[in-house]
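No hydrogens, no waters, no symmetry mates; every other heavy atom, side chains included, goes into these values. Each residue takes its place number in the sequence, starting with 1.
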Amino acid sequence: MTADQATADRTAADRPGAGSAAEQHRAAASALTGLVRETRDRALAWTEDHLAGFVLPEDVLEPHTKVDHTLKPLGELAQLCGTVHRVAAPDDPAHATADRLVAFAWEQTRSGRLLWELLRSEPFAAYPFEIYAAFAGHGLRHEGFERLARRIAATRGWACTEQHANRQLGLINAERRVGITPHADAEAVLRRSWLGGLSEPWMLERSSGYSLTHAAYHVTDWGIAPERMPADLDLYLRTWLPPWVDGCLENVQWDLTGELLAVAASLPDAPPVDLLAEAWPVLARVQHPDGSLPETGPPVVPRDGADADPYPFLACYHSTLVTAFAAALTVARLEGSPAPPTPAPPTPAPPTPAATPPAATTSAATTSERKQSA
């Protein structure tokens, strides 16, 4: 189904006399689901065709290696495709595709050993923990990493690490997944965030937009547990997501549009179909025939016989992954699929006496730079 066909079907369902409100809702959702599913599948196909961009270099643990160009994309591949796998029906091809993509990412970490080595060298950094948690949510675990993580999480330094609220929420959710008692109260941290404080909606800009979306992801475990979203934040998001998405579309912010649509599909109860029906046809038109979407800016117009990728990998991989993630959540909600239960993590271990932390093998200055870039 094309974006124009989906819009036409939705318009027909909205005509007077087209049936009851419930029937119109079902017709609009049905017209939209096929379009979103196709958009998801093209994005996943692009991702599988471009796995070379996610391959970690041999020197990935060296101080000079850029985390944003190596471990960050791989962790995002694991996290977002892990959610796609969990919300797609077992007989949906996307379920198997996402499983292969997560398996590839796990193989790149040498089945978790690389993340264990990274945690040993940077025990004060949160990003190895968050990347590992993406795999733990998929049932992939490394005993040595978790043993070391429990030791580090028992230190005063870990409990007192200073972070922005949305980053701290990410760490709390990672601790839950790994099976470690969270180091702080999630509700209290949430209320310190841009979202949790119910900030004035006209104050939203690009930075606060990403802060908002990630706070929502961490609260709902990346859309798997929408019931965790507090009622006042649910109402706030349902009220203001439509103008925010409209503003992103107007300003050709495709990546942030996808992130906001993932939030819309992570809310409790019925999804906001009107918003989804307005935005998804636009993203479907922006998507290149090869499945990729740019993060920002006018999309490349497809040309017959053009073999080169329309965008550099780093300019489109995240927005393409986010599109697959948001589309998978949207399809699951539109089809009424209940969110799958979160795999039960190990029983949180009692805090162990804080021991001398393992020696860091990189300089504090260099490691601080790597931590900030993540």
Side-chain angles (χ1 to χ4, degrees), residues 79-80 83 87 126 130 133 159-177 182-251 253-280 282-283 295-296 318-319 322 325-326 329-330 332-334 339 342:
Q79 178 57 73
L80 300 183
T83 297
V87 301
E130 294 183 80
C160 297
T161 298
E162 297 180 13
Q163 293 178 307
H164 291 296
N166 68 308
R167 291 298 303 272
Q168 192 172 10
L169 285 170
L171 187 55
I172 290 170
N173 193 51
E175 289 168 330
R176 285 174 176 159
R177 283 191 171 192
H183 72 284
D185 178 68
E187 175 66 17
V189 175
L190 172 61
R191 295 301 171 176
R192 289 195 291 104
S193 70
W194 197 96
L195 170 62
L198 299 173
S199 298
E200 292 80 359
W202 46 267
M203 291 290 285
L204 185 88
E205 39 74 45
R206 187 175 184 274
S207 177
S208 57
Y210 281 105
S211 172
L212 175 149
T213 59
H214 282 74
Y217 300 157
H218 301 321
V219 168
T220 62
D221 195 16
W222 296 86
I224 299 300
E227 70 281 358
R228 291 182 185 171
M229 182 66 72
D232 60 332
L233 301 190
D234 177 30
L235 177 61
Y236 174 79
L237 289 167
R238 288 180 185 276
T239 302
W240 296 112
L241 277 171
W244 289 338
V245 169
D246 186 62
C248 286
L249 293 175
E250 183 178 350
N251 289 283
Q253 295 284 334
W254 314 121
D255 187 68
L256 186 52
T257 296
E259 293 220 358
L260 290 171
L261 289 176
V263 172
S266 301
L267 299 178
D269 303 319
V273 174
D274 289 346
L275 167 62
L276 302 176
E278 290 293 336
W280 274 110
V282 179
L283 276 191
E295 289 197 5
T296 62
H318 187 269
S319 42
V322 163
F325 164 64
L329 288 171
T330 300
R333 297 305 299 280
L334 290 175
T342 301

Is the side chain of S211 donor-acceptor paired with the backbone N or O of S207 at a distance under 3.5 Å, no angle test?
no

Heavy-atom side-chain proximity of L190 to P230 below 4.5 angstrom
yes

Evaluate V322 against W254 for side-chain contact (heavy atoms from CB on, under 4.5 Å), listing each step before the verdict.
CA-CA 10 Å; V322 163; W254 314 121; over 6 Å; no

Is a side-chain N or O of E205 found less than 3.5 angstrom from the main chain of S208, in a donor-acceptor match?
yes

Would you name the heavy atoms of L235 and T239 that are closest together and state the gap between them?
O-OG1, 2.8 Å

Please confirm whether the backbone N or O of N166 pairs with a side-chain atom of W194, one donor and one acceptor, at under 3.5 Å?
no

Flag, side chain of S193 to backbone of A165, donor-acceptor distance under 3.5 Å
no

Where is the tightest heavy-atom contact between Q168 and A184, given as atom of each residue plus distance?
NE2-CB, 3.5 Å

Is there a side-chain hydrogen bond (donor to acceptor under 3.5 Å, both in side chains) between H318 and E295? Walk through the geometry before answering.
CA-CA 7 Å; H318 187 269; E295 289 197 5; 4.6 Å; no

So does E259 get a backbone contact from the side chain of Y217, meaning a donor-acceptor N/O pair under 3.5 Å?
yes

If every non-hydrogen atom of A279 is compared with every non-hydrogen atom of V245, which pair is closest and at what distance?
CB-CG1, 3.8 Å

Does Q79 form a side-chain contact (heavy atoms from CB on, under 4.5 Å) with F325? I'd like the steps, not just the answer.
CA-CA 9 Å; Q79 178 57 73; F325 164 64; over 6 Å; no

Quick one: pull up CG in L237 and OG in S266 and give me the separation to the nearest 0.5 Å.
10.0 Å

Mind checking whether W222 and H218 have parallel, tilted or perpendicular rings, split at 30° and 60°?
perpendicular

Measuring from atom CG of L204 to atom CG of L260, what distance do you get when rounded to the nearest 0.5 angstrom?
7.0 Å

Is the closest side-chain heavy-atom distance between P271 and L276 below 4.5 Å?
yes

Heavy-atom pair with the smallest gap, counting every atom of R176 and P182:
CG-CG, 4.0 Å

Between the CG atom in D185 and the CD1 atom in I172, the distance rounded to the nearest 0.5 Å is 7.5 Å

Closest non-hydrogen atom pair between G196 and R191, with its separation
O-NH1, 3.2 Å

Whether over 12 other heavy atoms sit under 6.0 Å from H183 NE2:
yes

Value for CD (Q163) from CG (L171), rounded to nearest 0.5 Å, stands at 5.5 Å

Could you tell me whether the side chain of R228 and the main chain of T220 form a donor-acceptor pair under 3.5 Å?
no

Decide yes or no on side-chain contact (heavy atoms from CB on, under 4.5 Å) for D221 and R177, but give the supporting numbers first.
CA-CA 9 Å; D221 195 16; R177 283 191 171 192; 2.9 Å; yes

Please report the interatomic distance OG1(T296) to CG(N251), rounded to the nearest 0.5 Å.
10.5 Å

Any side-chain heavy-atom pair of W202 and P243 under 4.5 Å:
no

Distance col, row L261:CG vs L329:CG, nearest 0.5 angstrom, shows 10.5 Å

Can L195 and V219 be said to form a side-chain contact (heavy atoms from CB on, under 4.5 Å), step by step?
CA-CA 11 Å; L195 170 62; V219 168; 5.9 Å; no

Kindly give the heavy-atom pair with the smallest separation between C248 and T257, and that separation in Å.
CB-OG1, 3.2 Å

Lys/Arg N to Asp/Glu carboxylate O, D255 vs R206, below 4.0 Å
no

